[in-house]
**Q** 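I am attaching a structure below and will ask some questions about it afterwards.
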Amino acid sequence: MIRKMIVGAAIAAQMALAYGTPRQDLPTIQRYLRNSTAKREDVSKSIVKFHRWRFDGELGVIDGQYVGEEGGLPGGIQWAPPNVGTFQADGARTAFLYSNQKPRINTYGDSFTHGDQVNDGETWQEYLAGHLREPIGNFGVGGYGVYQAYRRMLREEGTEHAAKYIILTICCDDSTRQLFRSWYPITRALEPRVFGGAKPNVEMDLKTGRLVEKESLISTEEALYHLTEPDWMVRNLQDDLALQLQLYSGGYWVVGGPRIRSLDRPKITELAKRLDLTFDWNLERQTDTIPSRYAAYGAPPTTRMQAQTLALLNRYSQRATIFVLDKTRQFARQRGKKLLVVVVVNTDGGALEKGGARDNQEIVDYLQKEAFDYVDVDQALVDDYRTAKTSLPYGEYVKKYSSTVWVISMARKSLLCLCHQGQTHRSARSEA
């Protein structure tokens with residue numbers, strides 16, 4: 001949550017400047033991509049080291065050791081004091097509690113799971129381990145989308161450090177990230193090196209109307225140099241519809257507001273149809289503005305067309321997450337594992353507390369309908385606030401108590417999952 005608030009504040013000023021740019025002065029998607037190529041020296045630096053990340057031909061990136069400022073966001077943006085992250089031989093983040101035992105619980109997700117803001121020994125997995133009195137494996141990677149986390153899960157759960165219990169965390173904009181074939185056309189404004197140059201993703205097959213899995217466009221370090229080639233960028237990314245929607249709408253990660261002047265009308269129309277969302281192209285002619293989806297983080301008002309585009313991207317993102325959740329549960333059942341899903345910072349908590357609509361409502365409805373074991377941290381924070389009888393505004397209350405509410409919610413649900421299947425290490429030892 002701190003991450004989303006601080007990054008949002010950091011980019012809001014730049015967003016405000018560019019939202020006034022006339023749409024006709026913006027480039028086409030093809031021109032934008034040609035102008036988005038990487039410098040060869042930046043690719044070379046990225047191969048050697050991109051902050052704490054290392055290239056991975058299947059997953060895009062995985063974490064490597066980092067100390068100090070290397071733990072920060074691309075572009076040197078810091079949301080916490082310099083911290084230290086190290087990793088065990090199995091690739092999990094270093095843990096100290098009960099480290100002489102093999103974890104029965106492995107966790108997967110993005111920076112929230114990894115614990116970007118804290119040092120080794122300070123992650124929420126360590127606090128939860130203290131509650132459960134057993135170790136917890138941390139395979140989170142900063143910057144991952146839901147699908148990358150799922151792919152990491154498939155890899156690790158096929159090894160000797162596989163666990164009986166799996167926790168998959170869906171945080172922030174993970175649902176949207178998983179759609180992009182490459183993050184680079186977006187993140188290059190924050191950092192010239194090629195984090196997210198290419199990765200596996202989920203996207204819609206417009207012919208069949210089905211979501212499909214796609215392998216990374218770049219499978220070797222040498223192939224990263226394709227990012228320096230304008231023709232390669234256009235050929236491989238111009239029909240990435242999620243990328244188009246994000247660049248057109250000036251959404252959360254798009255520093256500087258809208259980047260392209262138009263969308264691929266036939267394909268976007270078909271995508272909206274496949275996602276059961278009415279898309280009104282007449283809104284292109286309207287210039288009045290409405291509050292941004294990201295107004296809580298300082299974003300200026302947007303046009304109705306931009307808002308509609310973001311709504312389509314949000315629908316696309318949620319359907320992709322439901323697709324991945326279904327695959328994750330199938331995998332868990334086939335392997336005899338127990339799955340716990342965590343949703344956190346997926347919506348504006350302040351708006352939720354006031355009874356507003358939530359950005360991830362389809363996902364939450366799906367989790368309820370399909371009887372998943374899950375923890376809804378956003379709702380848990382709202383429920384706790386409503387029963388706290390405090391004079392603090394919701395935002396201040398969350399800053400002060402969110403960590404406590406989060407760990408307690410996780411501990412309770414984890415214990416229920418563990419006890420449903422068998423004894424915890426704690427009870428087993430107490431009876432020994």
Side-chain angles (χ1 to χ4, degrees), residues 52 59 62-67 71 83-142 144 148-171 328 331-332 335-342 344 373-375 377 403-432:
R52 89 290 177 101
L59 302 174
I62 56 174
D63 273 313
Q65 316 287 3
Y66 62 88
V67 178
N83 48 61
V84 176
T86 60
F87 298 85
Q88 301 167 173
D90 61 6
R93 186 163 181 179
T94 298
F96 300 104
L97 291 182
Y98 312 103
S99 58
N100 61 330
Q101 301 175 23
K102 181 181 182 294
R104 292 193 302 160
I105 305 173
N106 282 337
T107 60
Y108 298 90
D110 68 353
S111 58
F112 186 90
T113 304
H114 171 74
D116 280 21
Q117 300 173 4
V118 297
N119 296 297
D120 291 343
E122 299 172 345
T123 64
W124 60 259
Q125 287 88 344
E126 290 286 76
Y127 284 93
L128 187 57
H131 279 268
L132 302 181
R133 297 191 184 180
E134 63 177 277
I136 298 177
N138 180 353
F139 292 96
V141 178
Y144 268 16
Q148 280 173 292
Y150 163 74
R151 291 289 295 265
R152 181 78 189 269
M153 177 189 299
L154 296 186
R155 176 189 290 184
E156 305 302 338
E157 295 304 317
T159 68
E160 62 182 12
H161 51 265
K164 173 71 174 177
Y165 303 93
I166 298 170
I167 296 177
L168 175 65
T169 301
I170 303 170
C171 177
T328 303
F331 169 77
R335 298 295 181 94
K337 299 175 182 292
K338 185 74 172 178
L339 171 66
L340 175 64
V341 177
V342 177
V344 56
D373 284 316
Y374 75 99
V375 176
V377 179
S403 296
T404 301
V405 174
W406 154 249
V407 172
I408 291 174
S409 298
M410 282 292 296
R412 287 174 176 169
K413 194 67 179 186
S414 298
L415 280 169
L416 285 173
C417 291
L418 289 167
C419 292
H420 179 70
Q421 293 289 322
Q423 298 174 320
T424 64
H425 282 311
R426 174 184 180 184
S427 62
R429 284 197 302 273
S430 66
E431 293 181 7

**Q** Does any non-hydrogen side-chain atom of Leu339 lie less than 4.5 Å from one of Thr328?
**A** yes
**Q** Mind checking the CZ-CG spacing from Arg104 to Leu132? Nearest 0.5 Å is all I need.
**A** 9.0 Å
**Q** Got a donor-acceptor contact below 3.5 angstrom from the Gln88 side chain to the Ala95 backbone?
**A** yes
**Q** With a 3.5 Å distance limit and no angle check, can you tell me whether Lys164 reaches the backbone of Gly336 through a side-chain donor-acceptor pair?
**A** yes
**Q** Given Thr86, which of Asn119, Asp120, Asp63 fulfils the side-chain hydrogen bond (donor to acceptor under 3.5 Å, both in side chains) condition?
**A**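 Result: among Asn119, Asp120, Asp63, Asp120 is the only option passing the side-chain hydrogen bond (donor to acceptor under 3.5 Å, both in side chains) with Thr86.
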**Q** Decide side chain to side chain contact (heavy atoms under 4.5 Å, CB included) for Thr113 and Asn138; before the verdict, give the C-alpha distance in whole Å, the side-chain angles of both, and the deciding distance to 0.1 Å.
**A** CA-CA 7 Å; Thr113 304; Asn138 180 353; 3.9 Å; yes
**Q** Report the C-alpha distance between Leu168 and Val342 in whole Å, list the side-chain angles of each, state the deciding distance to 0.1 Å, and finish with yes or no for side chain to side chain contact (heavy atoms under 4.5 Å, CB included).
**A** CA-CA 6 Å; Leu168 175 65; Val342 177; over 6 Å; no
**Q** For the pair Glu157 and Arg335, find out whether any cationic side-chain nitrogen is under 4.0 Å from an anionic carboxylate oxygen.
**A**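 So Glu157 does not pair with Arg335 through a salt bridge.
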**Q** So, applying side-chain contact (heavy atoms from CB on, under 4.5 Å) with Val375, which one of Val344, Thr169, Leu340 is it?
**A**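 That would be Leu340; it is the only one of Val344, Thr169, Leu340 passing the side-chain contact (heavy atoms from CB on, under 4.5 Å) with Val375.
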**Q** If only atom types and distance count, is the side chain of Lys337 paired as donor or acceptor with the main-chain N or O of Ile166 below 3.5 Å?
**A**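 Pair absent, no side-chain N/O of Lys337 close to backbone of Ile166.
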**Q** Could I get the full list of side-chain hydrogen bond (donor to acceptor under 3.5 Å, both in side chains) partners for Tyr127, not counting sequence neighbours?
**A**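 side-chain hydrogen bond (donor to acceptor under 3.5 Å, both in side chains) list for Tyr127, sorted by chain: empty.
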**Q** Return the set of residues passing ring-ring contact (aromatic ring centres under 6.0 Å, His included) with Tyr150 (not counting sequence neighbours), or none when no residue passes.
**A**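 For Tyr150, the residues satisfying ring-ring contact (aromatic ring centres under 6.0 Å, His included) (neighbours in sequence not counted) are Tyr147.
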**Q** Could you walk me through whether Leu59 and Arg152 pass the side chain to side chain contact (heavy atoms under 4.5 Å, CB included) check?
**A** CA-CA 7 Å; Leu59 302 174; Arg152 181 78 189 269; 3.6 Å; yes
**Q** Has the side chain of Asn106 got a donor or acceptor atom that lies under 3.5 Å from a matching backbone atom of His161?
**A** yes
**Q** Would you tell me whether Thr107 and Gln125 have side-chain atoms, one donor and one acceptor, within less than 3.5 Å of each other?
**A** yes
**Q** Check whether any side-chain N or O of Glu126 sits under 3.5 Å from a backbone N or O of Phe96 as a donor-acceptor pair, and report yes or no.
**A** yes
**Q** Restricting to non-hydrogen atoms, name the atom on Pro103 and the atom on Ala163 that form the minimum distance, rounded to 0.1 Å.
**A**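 The pair with the smallest heavy-atom distance is O-CB, 3.9 Å.
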**Q** Determine whether Ile170 and Val341 satisfy the following criterion, side chain to side chain contact (heavy atoms under 4.5 Å, CB included), listing intermediate values before the conclusion.
**A** CA-CA 8 Å; Ile170 303 170; Val341 177; 4.1 Å; yes
**Q** Please say which of Tyr108, Phe139, Phe87, Trp124 ends up in a ring-ring contact (aromatic ring centres under 6.0 Å, His included) with His114.
**A**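 Answer to the ring-ring contact (aromatic ring centres under 6.0 Å, His included) test with His114 among Tyr108, Phe139, Phe87, Trp124: Phe87.
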**Q** Distance from Ile62 atom CD1 to Gln148 atom CD, nearest 0.5 Å?
**A** 11.5 Å
**Q** Taking C-beta and beyond as the side chain, do Ile167 and Ile105 meet within less than 4.5 Å on heavy atoms?
**A**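 Yes - at least one pair of side-chain heavy atoms lies under 4.5 Å apart.
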